[in-house]
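Taking it in order: structure first as structure tokens, then the write-up.
Throughout, a chain's letter reflects where its sequence line sits, starting with A, and its residues are numbered from 1.
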Number of protein chains: 2
Amino acid sequence: MSDFLRKHIENIVRLSDEEYEEILEFFQFRKYRKRQFLIQENQKVDELFIVKSGLLKCGMIDDSGKEQILQFATEDWWISDYTAFYKHQPARLAVDCIDDSEVYSITYTQMNEVCRRIPKAEHFFRVKSNLGYCALQDRVLALMTKTAKERYEDFIHQYSEWSNRIPKQLIASYLGVSRETLSRLYTS
Amino acid sequence: MSDFLRKHIENIVRLSDEEYEEILEFFQFRKYRKRQFLIQENQKVDELFIVKSGLLKCGMIDDSGKEQILQFATEDWWISDYTAFYKHQPARLAVDCIDDSEVYSITYTQMNEVCRRIPKAEHFFRVKSNLGYCALQDRVLALMTKTAKERYEDFIHQYSEWSNRIPKQLIASYLGVSRETLSRLYTS
């Protein structure tokens, strides 16, 4: 079980057995069922989640009642409402499971403490934050400048082998198009 | 001159005189004139910039030839094409000066080296990256869910006292609306 987390961290930084054991103490392992919520809108957000298995999404309901999806997450992806987490604001985003999922979570206090104690942990979280920023920059530039067809092609490329596990309605939300437009993109 | 950088870093983490002197060695001070480019599209991006004074923007020209603005930056803001910087890809964004500007820059190698040598520097850059992520998350949620009027109000709130130094055409680009729509927002 713990091998997953070690492998995930060691993609960025090598750990001794002692360092790894110490870091592991700061994480909680959790299982969630399909449709269960990890974060609900307007709640306090005290955790970041790293996905071990399953499939989750993160989004919000807009004023017209439509779900707007910011991100999907599967194995090796981090997910939360980061603004709520880092700035101690009520959640604007909800995070819930599309499939049964297993995650590790870390609280705000735990994250700061593990970074204070173990320099390699701070390095890991800095690099992950930078990469997360890059993914989000790609997302905002796509929204600003790309056509629905280009965004669809990006989506297939980015989420590749598990894109077919995501219901079409959710893919349409993520791309910001109607279900009918998505069907046309599929067949074009 | 160097007081600015110390104050900027000490918003996050306290430094001894020795630590500060050591960190300062990793930065270059630069002056740019209005309309000068710090980063041009398709170039290699080896630097992040922290603005000491002036006003800059970061954006791209879309397929229809229209400028799309991702971000403005003034005193105490960081600016670059982060994806190009962190992932060693050619720039998709250009960064240029709206006014004469003074910045400090740090290269990719220097950033990694200062973080390796000085734990407080790694902590500083981790926290800044987290906050940058939050700002970008707000930006993408606004693009996905807010009306032009709401985005305009956010803009006035976020860029407050220096929003009137930004030409209207650039504000319209940032908000993703036409110049005419922006005029209506101003007067409504």
Side-chain angles (χ1 to χ4, degrees), chain A residues 13 48 58-71 78 80-89 92-93 108 111-112 115-147 150 173-176, chain B residues 13 48 58-71 78 80-89 92-93 108 111-112 115-147 150 173-176:
Chain A
V13 61
L48 298 186
C58 147
M60 66 191 289
I61 307 296
D62 69 17
D63 289 344
S64 71
K66 249 180 34 193
E67 182 174 21
Q68 300 281 352
I69 293 177
L70 179 62
Q71 185 204 334
W78 287 81
S80 191
D81 180 335
Y82 291 95
T83 303
F85 178 83
Y86 286 118
K87 298 183 132 184
H88 311 290
Q89 295 173 358
R92 291 172 61 205
L93 295 166
Y108 186 80
M111 177 183 262
N112 284 322
C115 287
R116 200 182 61 74
R117 282 212 226 157
I118 307 171
K120 283 181 186 174
E122 182 125 61
H123 178 72
F124 169 77
F125 281 115
R126 177 174 73 86
V127 172
K128 286 312 272 188
S129 180
N130 293 337
L131 294 176
Y133 188 98
C134 294
L136 199 58
Q137 179 176 302
D138 290 348
R139 180 97 171 100
V140 67
L141 291 181
L143 282 172
M144 290 170 73
T145 66
K146 291 193 175 178
T147 64
E150 288 167 333
S173 282
Y174 176 86
L175 297 175
Chain B
V13 61
L48 297 187
C58 147
M60 65 192 290
I61 307 297
D62 69 16
D63 289 345
S64 71
K66 247 178 40 192
E67 183 175 22
Q68 300 281 351
I69 293 176
L70 179 63
Q71 184 205 335
W78 287 80
S80 190
D81 179 334
Y82 291 94
T83 302
F85 178 82
Y86 286 118
K87 299 183 129 184
H88 311 293
Q89 295 172 358
R92 291 172 60 203
L93 295 165
Y108 186 81
M111 176 184 264
N112 285 322
C115 288
R116 200 182 61 76
R117 283 212 226 157
I118 306 171
K120 284 181 185 173
E122 182 124 62
H123 178 72
F124 168 78
F125 281 115
R126 177 174 74 85
V127 172
K128 287 311 272 187
S129 181
N130 294 337
L131 295 175
Y133 188 98
C134 294
L136 199 57
Q137 178 175 302
D138 290 348
R139 179 96 170 102
V140 67
L141 291 182
L143 282 171
M144 288 170 73
T145 67
K146 292 194 176 177
T147 63
E150 288 168 333
S173 282
Y174 176 85
L175 297 175

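Summarising the geometry, atom CG belonging to A:Leu141 is positioned 5.5 Å from atom CE belonging to B:Met60; distances are rounded to the nearest 0.5 Å. To the nearest 0.5 Å, the span separating OG1 on A:Thr83 from CD on B:Gln137 amounts to 3.5 Å.
Screening residues 58-70 of chain B for salt bridge (charged side-chain N to carboxylate O under 4.0 Å, His left out) gives B:Lys57-B:Glu67 as the qualifying pairs, with residues at least two apart or on separate chains.
When A:Gly176, A:Pro119, A:Cys115 are compared by the number of non-hydrogen pairs under 4.5 Å with chain B, A:Cys115 comes out ahead. Ranking A:Lys87, A:Lys146, A:Met144 against chain B, the residue ahead of the rest is A:Met144, based on heavy-atom pairs under 4.5 Å. Heavy-atom pairs under 4.5 Å with chain A were tallied for B:Arg92, B:His123, B:Arg139; the largest tally goes to B:His123. Each of A:Val127, A:Leu131, A:Thr147, A:Asp81 has some count of heavy-atom pairs under 4.5 Å with chain B, and the biggest count is that of A:Asp81.
Interface residue A:Leu143: only side-chain heavy atoms are found under 4.5 Å from chain B. For a residue to count as touching a neighbouring chain, one of its non-hydrogen atoms must lie under 4.5 Å from one of that chain's; by this rule A:Glu150 touches chain B with the side chain only. Only the backbone of A:Ile69 comes within contact range of chain B, with at least one heavy atom under 4.5 Å from a heavy atom of that chain. Neither the backbone nor the side chain of A:Arg116 comes within less than 4.5 Å of any heavy atom in chain B.
Partners of B:Tyr86 by side-chain hydrogen bond (donor to acceptor under 3.5 Å, both in side chains), not counting sequence neighbours, listed by chain and number: A:Asn130.
For the ring-ring contact (aromatic ring centres under 6.0 Å, His included) with A:Tyr133, the lone residue among B:Phe85, B:Phe125, B:Tyr82, B:Tyr133 that qualifies is B:Tyr82.
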